[in-house]
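Reading through the structure tokens given below for one structure.
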2 protein chains.
Amino acid sequence: MVDELSTRIAGEISLSENPSKTMKKWREIFGLSQTELARYIHITPSVVSDYESGRRKAPGANTIKRFVAGIMKADAERGYPVVKSYRTMLTSLDDDGPVVDMQDFKMPLSAAELCHAIEGDMVANRDKGSTAVYGYTVVDSIKAILELSSDDFLNLYGTTSQRALIFTKVSYGRSPLIAVRVSRIKPGVVVMHGIDKIDDLGMRIAERERIPVILTVMEQKRLLERLRGCGR
Amino acid sequence: MVDELSTRIAGEISLSENPSKTMKKWREIFGLSQTELARYIHITPSVVSDYESGRRKAPGANTIKRFVAGIMKADAERGYPVVKSYRTMLTSLDDDGPVVDMQDFKMPLSAAELCHAIEGDMVANRDKGSTAVYGYTVVDSIKAILELSSDDFLNLYGTTSQRALIFTKVSYGRSPLIAVRVSRIKPGVVVMHGIDKIDDLGMRIAERERIPVILTVMEQKRLLERLRGCGR
DNA sequence: ACCTTATTTCGACGATTGTCGTAATTGGCT
DNA sequence: AGCCAATTACGACAATCGTCGAAATAAGGT
């Protein structure tokens, strides 16, 4: 599993239209600062910044190899949290639970860009529109309410919580936000599919949590296709 | 599936101890000459040779990207034979058929190296010991005989037929070689697990097909572990 | 406002890549 | 043996990478 994730990360960086941004995405997913990463791969922090800001447009295979080795080493020292999340993500798509789809974006999107892509309406915390989103999890909200324990909620986040949590079959807009409210880990963005306005309680929860909330009534099949096509 | 295989190839090249050899491996899996590949990615054949022979030790992300795009374009023009094989390979490991394990090696092995790794005895065509082997398929020979049609045999090859076909639960050594004999596509190496000598008929078939044949009596569990550890 | 840490910018320079073109070598086929 | 296609070797050179170090800027906390 470590090898598989390593290969995937290296492949994404190599094939990316913007390897710099992809390296930054993965560093942040692994919860490392540039200074921390620099220590793992024995270079100065300014070199890490040079890579991520695009000063070097096509890093060599040795650089990619050392980058991946560094973030994996950090994960190993912490007990493999990201590797475990990745495995959980693969597993949760296989069973017949509430998770409808879950992917990481090749290229990070902002909340505003995501909103635009799914023809949504951002009804709460519009000022947080620049929030970076690294992936999404689509959840059948009815099944989620019936089946998920509070621990299960953690499994919705895959490799990072900096993602969009998308609830389908929403009625009033409060239940998903209540669930987010009591959850220890918060997503970057909440999307509610099936309604075009939320009630007052939902709005107040959203403002208190400072999480952008997007509503969309796009047909679910098209929604999934649009999401799959994002961040390329 | 195309994206997934692309990412995997790019990741393997990036992370390889020897990116040159890994690029050559994948070019050969896709059945392209250096001259053909050069046309797809708009460089001269000598540049392709420079990459693959290690003159350039750490290709950049742009080079890897163009390499992968080239081999994928070639596969697309031929109707995706390699992509389909890759998909078949993933699928056949999921069901409860005769396939016990199937992997590609990160780094190609020779038949002799493989023989050594599994503590085997090469009883036929020792002069072909330098044959390159890119992966392996482990097959329960009893189930294979009972379940496989001649078309199913093709599914044993995954991304390339230049691999080791490994039969377990072998008794006399002739049945697997008969199966190979009547098959249109031949593996690079045949391994028979469970015997330490083959009968005359088996030997004659092997000599006629010019395929190295290895016998091993290693415990199956250790055999699988050894195979997984090969080509790193 | 101040302090500390993180990040970014950028000059500089040695190392390496990417590529062409030419020629030599290898391998397969007749 | 000869021919042809594929592959390899290699000189050459422009472009880019990899990295350091110093300084500037940004962000978070008090």
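Chain letters run A, B, ... following the sequence lines, proteins first, then strands; residues in each count from 1. Excluded from the calculations below are hydrogen atoms, water molecules and symmetry mates; all remaining heavy atoms, backbone and side chain alike, are included.
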**OP:** Determine, for nucleotides 8-15 of chain D in 5'-to-3' order, which nucleotides have protein heavy atoms under 4.0 Å from the base (write B), from only the sugar-phosphate (write S), or from neither (write -).
**Re:** BBBBB---

**OP:** Using distance alone, with no hydrogens and no angle criterion, decide if B:Asp104 and B:Tyr136 have a side-chain donor and acceptor under 3.5 Å apart.
**Re:** no

Subject >> Nearest heavy atoms of A:Ser20 and A:Gly54, plus distance in Å >> reply: OG-CA, 3.1 Å

Subject >> DNA chain C-proximal residues of residues 61-71 of chain B, any heavy atom under 4.0 Å >> reply: B:Thr63, B:Arg66

Subject >> Segment of DNA chain C, first to last nucleotide, that comes within the 4.0 Å heavy-atom reach of chain A >> reply: C:dA6 to C:dA12

Original post:
Do A:Ser110 and A:Ser130 have a side chain donor and acceptor closer than 3.5 Å?
Top reply: no

**OP:** Spell out, as yes or no, whether a donor-acceptor pair under 3.5 Å connects the side chain of A:Arg226 to the backbone of A:Ile118.
**Re:** no

**OP:** Not counting sequence neighbours, which residues clear side-chain hydrogen bond (donor to acceptor under 3.5 Å, both in side chains) with A:Tyr51? List them please.
**Re:** none

**OP:** Using the test side-chain hydrogen bond (donor to acceptor under 3.5 Å, both in side chains), find all partners of B:Thr22 that sit at least two apart in sequence or belong to another chain.
**Re:** B:Ser16

Original post:
Looking only at heavy atoms, which two atoms of A:Ile211 and A:Pro187 are closest? And how far apart?
Top reply: CD1-O, 3.8 Å

Subject >> ring pair (Phe, Tyr, Trp, His ring centres under 6.0 Å) partners for A:Phe67, two or more places apart >> reply: none

Original post:
Can you name the closest pair of heavy atoms from A:Arg210 and A:Lys128 and give their distance?
Top reply: O-CE, 3.5 Å

